[in-house]
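Presented below is the structure to which this report refers.
The figures here come from the full heavy-atom set of this structure, side chains too, leaving out hydrogens, waters and symmetry mates.
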Protein chains: 2
Amino acid sequence: MTRRDTYVCGIDAAIDVVGGKWKVLILWALHAEGTCRFGQLKREIPGVTEKVLTSHLRELEADGIVRREVYEERVPRVEYSLTPLGASLNEALEPLGAWGRAHLLPQDHHDRRSA
Amino acid sequence: MTRRDTYVCGIDAAIDVVGGKWKVLILWALHAEGTCRFGQLKREIPGVTEKVLTSHLRELEADGIVRREVYEERVPRVEYSLTPLGASLNEALEPLGAWGRAHLLPQDHHDRRSA
DNA sequence: CAGTATCCTTCACGATACTG
DNA sequence: CAGTATCGTGAAGGATACTG
């Protein structure tokens, strides 16, 4: 998504953070699964390439949404998790998610609440 | 924004509707101003070109977010307004807007949380 | 395992000119 | 007034191969 330099309201600023093609899915996965490793995320988000997943994660990290922790062990390990800011973003997205579920997705009982 | 054919959750579906570069600004303007004519919208959203404004409006119309009404008069007139669906979308976006205002915009009188 | 490194494609958006 | 009609560009995203 094209970074804007001036924002008119909070919404377009937020959309800018969250508007990448796979970003909300990353947020969703990290929220649902908790801390995730790279390969785990890749599996949770079928279709995304490693390159794009990496760049999205780095952008979310730069925006303070995601925490990235590297463990220098014999077997390399990196763990991703939501920052408090990321968790609050996810909460702010919930009404939008509910709207999408109710109006855009095929069917679904729309009384299914998620935390 | 790239249309996706399958959605994983309501949020990415909603982002798809609302993720065009100027779309939330259109929603914002229609919400704030009420019914608007084309030129009016153009003035409310500085920087957007006629071509892009047109195509965004048509997409929002196709998604049921915006109502477009043509008046065949001596002076051509077209009025845009939010549909009930569009109004509900705007409401669902409000928490995201609040989040963006609190965390992304320079400053209101708001105190800034952790850097 | 968790990425890089290249190369390539697409299309969203922009600039400008013209019109019913 | 409210748009089309073209043409052009850049960056986001994808495919594939390779690596510390």
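Mapping B:K51 and B:P76 onto DNA chain D by nearest heavy atom places B:P76 closer to the 5' end of the strand. Across the interface with DNA chain D, nearest-nucleotide mapping of A:V48 and B:Y80 shows B:Y80 to be the residue nearer the 5′ end.
For the residue pair B:K23 and B:V18, the shortest heavy atom distance occurs at CB-O, 3.8 Å.
B:E61 places its CD atom 10 Å from the P atom of D:dG3, with the value rounded to the nearest Å. C:dG14 atom P lies 13 Å from atom CD of B:E50, rounded to whole Å. Distance CG (A:L57) to C1' (C:dT4): 15 Å, rounded to an integer number of Å. For the pair A:I45 CD1 and C:dA2 C1', the interatomic distance rounds to 15 Å; values are reported in whole Å. We find that NZ of A:K42 is positioned 14 Å from C1' of D:dG14, with the value rounded to whole Å. Here C:dC1 presents its C1' atom at 10 Å from CZ of A:R43, a figure rounded to the nearest Å. In this structure, A:Y71 places its OH atom 17 Å from C1' of C:dG3, rounding to the nearest Å. Atom CG of B:L41 and atom C1' of D:dC1 are 13 Å apart (whole Å).
Not one N or O on the side chain of B:D16 forms a donor-acceptor pair closer than 3.5 Å with the backbone of B:D12. In this structure, the side chain of B:Q40 engages the main chain of B:R37 through a donor-acceptor pair within 3.5 Å. The backbone N or O of B:H31 lies less than 3.5 Å from no partner atom in the side chain of B:N90, so there is not a single donor-acceptor pair.
Side-chain nitrogen and oxygen atoms of B:K21 include at least one within less than 4.0 Å of the OP1 or OP2 phosphate oxygen of C:dG14. Under 4.0 angstrom from either OP1 or OP2 of D:dT4 there lies at least one side-chain N or O belonging to B:R58. Contact annotation: B:R37 side-chain N/O to D:dA2 OP1/OP2 distance is under 4.0 Å. Of the side-chain N and O atoms in B:H56, one or more sit less than 4.0 angstrom from OP1 or OP2 of C:dC13.
Note on A:R68: only backbone sugar-phosphate atoms sit closer than 4.0 angstrom, heavy atoms only; bases stay farther off.
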Its dot-bracket string being built from Watson-Crick and G-U pairs below 3.5 Å, with | for another strand and [ ] for crossing, DNA chain D has the pattern ||||||||||||||||||||
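Proximity of residues 23-35 of chain B to DNA chain C (heavy atom under 4.0 angstrom from any strand atom) is not detected for any residue.
Within the 4.5 Å cutoff, side-chain heavy atoms of B:L57 are placed close to those of B:F38.
B:E33 is linked by a side-chain hydrogen bond (donor to acceptor under 3.5 Å, both in side chains) to nothing, counting only residues two or more places apart in sequence or in another chain.
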May I have the step-by-step check of side chain to side chain donor-acceptor pair (under 3.5 Å) for B:R67 and B:T83, ending in yes or no?
CA-CA 6 Å; B:R67 180 182 303 114; B:T83 62; 5.7 Å; no
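Atom NZ of residue B:K51 and atom CG of residue B:L53 lie 12.5 Å apart, to the nearest 0.5 angstrom.
The side-chain contact (heavy atoms from CB on, under 4.5 Å) test with B:Y7 singles out one residue from A:L25, A:L105, A:L104, and that residue is A:L105.
Salt-bridge formation is detected for the pair B:E79/B:R77: a Lys NZ or Arg NE/NH1/NH2 atom is positioned less than 4.0 Å from an Asp or Glu carboxylate oxygen.
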